[in-house]
Every structure is written in C-alpha cells, then in structure tokens.
Enquirer: 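A single structure is presented below for examination.
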Amino acid sequence: DGGITQSPKYLFRKEGQNVTLSCEQNLNHDAMYWYRQDPGQGLRLIYYSQIVNDFQKGDIAEGYSVSREKKESFPLTVTSAQKNPTAFYLCASSIGGQGRTGELFFGEGSRLTVL
Amino acid sequence: AQSVTQLDSHVSVSEGTPVLLRCNYSSSYSPSLFWYVQHPNKGLQLLLKYTSAATLVKGINGFEAEFKKSETSFHLTKPSAHMSDAAEYFCVVSPGTGTASKLTFGTGTRLQVTL
C-alpha cells in the first residue's frame, strides 16, 4: 500500500542535541512538507519542497533544517537552536505544487520530547 | 490574506445524534476548503474538500459540508454520530487552486461522542 512513513514515532532528546526525523513516501508525489503541531493550535508549516534538491522555508523554519536528495525522502533535523522543540511533527506530501488543489497526505507523526 | 476560525474548540454529542462542527473563513481569493480528521497520536486524513464545484460536498464516513459564500462558512455535519467519530477535526483554507504550501489550518475542534 502507498503511504508516508515517519520514524521514529517517539523520540527523547537532551537539550543541546540535534535530532533527525525521517519521512519516506512511496506515493510518487512531487511535493513534501513538514508541519509542527502544538496542543490547541493548528498545524504550522516548517519547510516544504516541491522538487528534488530544492526546498523553501515555511512560517516557522528557525532552528530546523531539511534536505531533499531523493524524491521519496524528506528528513527534518531539529537543531539545538530550536528554543522549544517539544512537539508533534507531521510529514505530508501532495501530488504537485502550483495549480493543484492542495490536498495533503499525512504520515502518522513523530512526537519529540526534550528532557 | 486568508484565515480560518473554528468556532468551537470542543463539541460533545451523544451517539446517534447529529454532529455540527462550525468553520468560518476569510480569503481574498475564491478559496478551496477542506476538512481533515485526526485520531489521537495519528496523522491527518482528508474528510472532504470544496474546490468551486458543487457547494454541498459529501465526504467519507457520512460527513458532508456546505460552502456558503454569503456567510463565509463551511460547516461540517453528520446526521448520526458514531463512537468512532471521536477525534479532532481541522478546517483548512487554501487560496483557490494554489500550492499546498499556502494552506491555513484552523485550531481544531475536538469531538467527543458519548453513549
């Protein structure tokens, strides 16, 4: 079955450490996204990529980094510069960028807790 | 500019009774509108979408929503709630047929279904 796989599902990190969250999709989608979700808030866009080897900052990119070396993969690194990294992180993909309806397909999320 | 307001952060209904989750939007364009559902510790799943075709949109699991331009609303309804409907629901607005990177998420409505 096609879908998006995020790993790990739960992750604990000490302050000052970088951590990388994995996102893999086999939907053959061009565009991929990372969102952050905090209790009582809507999703906020961290980074997105519409094509391999290209990505753009979203609304809250500070303290995060990404890469898009393969169409299937879009890992997110939460760096020590992120002041409040404890959150639920969601990866998503869509068929295309411009001219599309904006429908997203989501992974099951990764919950990061900073100790 | 665009925004979306979910008027209730929490809704509780009895099983078998109707569900109404309210959403108002603001957009400078002719928007696309979506409802997504999220079960605990899971990713989001698309329930239904409006993209300037029929104003009454039917989705999965018996849900439907009506686009009312004059009221700038896109309320989600279901005639009879089931226990499995208990989840968080997000209303999302997109500027017409633009890229998914321009989505704006509401803050969510938690639906509780009681026996």
Side-chain angles (χ1 to χ4, degrees), chain A residues 3-10 23 25 29-51 54-61 66 74 87-113, chain B residues 1-10 21 23-25 27 29-54 57 59-60 67 74 87-110:
Chain A
I4 299 179
T5 301
Q6 290 187 241
S7 63
K9 193 168 180 64
Y10 298 96
C23 178
Q25 57 103 353
H29 285 173
D30 292 314
M32 297 186 74
Y33 312 82
W34 275 104
Y35 286 92
R36 171 179 171 140
Q37 185 177 24
D38 295 284
Q41 299 191 32
L43 275 65
R44 293 182 290 169
L45 183 63
I46 304 172
Y47 268 98
Y48 66 100
S49 168
Q50 297 186 347
I51 195 170
D54 187 43
F55 49 82
Q56 287 78 40
K57 293 181 179 180
D59 301 317
I60 56 165
V66 294
F74 191 42
F88 191 52
Y89 291 89
L90 287 161
C91 179
S93 69
S94 66
I95 293 173
Q98 296 293 341
R100 300 293 180 174
T101 62
E103 178 180 348
L104 294 174
F105 295 79
F106 284 86
E108 295 210 333
S110 292
R111 186 168 297 281
L112 173 63
T113 302
Chain B
Q2 61 185 22
S3 65
V4 60
T5 302
Q6 293 185 241
L7 298 169
D8 306 291
S9 60
H10 183 262
L21 305 183
C23 173
N24 286 351
Y25 71 91
S27 178
Y29 307 91
S30 296
S32 295
L33 291 156
F34 308 81
W35 276 99
Y36 283 84
V37 60
Q38 183 182 32
H39 289 92
N41 294 311
K42 298 290 187 182
L44 281 69
Q45 179 186 15
L46 182 68
L47 273 180
L48 49 80
K49 61 182 177 182
Y50 166 78
T51 56
S52 75
V57 181
I60 62 172
F67 174 72
F74 190 58
E88 186 134 27
Y89 293 79
F90 292 92
C91 183
V92 183
V93 62
S94 170
T97 56
T99 176
S101 65
K102 303 301 183 185
L103 299 182
T104 299
F105 287 77
T107 53
T109 298
R110 181 163 299 280

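These numbers come from the heavy atoms of this one structure, side chains and all, not from hydrogens, waters or symmetry mates. Each chain gets a letter, A, B and so on, in the order the sequences are listed, and its residues count up from 1.
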Enquirer: With a 4.5 angstrom heavy-atom cut-off, is it the side chain or the backbone of Tyr47(A) that approaches chain B, or both, or neither?
Expert: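 Neither; nothing under 4.5 Å.
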
Enquirer: Examine whether an atom of Leu43(A) lies under 4.5 Å from a heavy atom of chain B, and if so say whether it belongs to the side chain, the backbone or both; otherwise answer neither.
Expert: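 Backbone plus side chain of Leu43(A), per the 4.5 Å heavy-atom cut-off to chain B.
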
Enquirer: How far apart are the closest heavy atoms of Gln37(A) and Phe90(B), and which atoms are they?
Expert: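 Shortest heavy-atom separation between Gln37(A) and Phe90(B) comes out as NE2-CZ, 3.3 Å.
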
Enquirer: Using non-hydrogen atoms only, which part of Gln6(B) is less than 4.5 Å away from chain A: side chain, backbone, both, or neither?
Expert: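 Contact with chain A is absent: no heavy atom of Gln6(B) under 4.5 Å.
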
Enquirer: Distance from Phe105(A) atom CZ to Leu46(B) atom CG, nearest 0.5 Å?
Expert: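 If I round to the nearest 0.5 Å, the distance is 7.5 Å.
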
Enquirer: Just how far is it from atom OH of Tyr35(A) to atom CZ of Phe105(B), taken to the nearest 0.5 Å?
Expert: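 Taking OH in Tyr35(A) and CZ in Phe105(B), the distance rounds to 4.5 Å.
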
Enquirer: Show the nearest heavy-atom pair for residues Asn41(B) and Phe88(A), with the distance to one decimal.
Expert: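 The pair with the smallest heavy-atom distance is C-CZ, 4.0 Å.
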
Enquirer: Work out which heavy atom in Leu104(A) is nearest to a heavy atom in Tyr36(B); give both atom names and the distance.
Expert: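 So the minimum-distance heavy-atom pair works out to N-OH, 2.8 Å.
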
Enquirer: Look up atom OG1 in Thr107(B) and atom CG in Asp38(A), then write down how far apart they are to the nearest 0.5 Å.
Expert: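 That separation rounds to 12.5 Å.
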
Enquirer: Kindly check if the number of other-residue, nucleotide or ligand heavy atoms within 6.0 Å of NZ (Lys9(A)) is above 12?
Expert: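 Yes, because the 6.0 Å sphere around NZ of Lys9(A) holds more than 12 heavy atoms from other groups.
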
Enquirer: Is Leu44(B) in contact with chain A via its backbone, its side chain, both, or neither, using a 4.5 Å heavy-atom distance?
Expert: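 Both the backbone and the side chain of Leu44(B) come within 4.5 Å of chain A.
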
Enquirer: More than 12 non-hydrogen atoms from neighbouring residues, nucleotides or ligands closer than 6.0 Å to CD1 on Ile51(A), yes or no?
Expert: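 No.
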
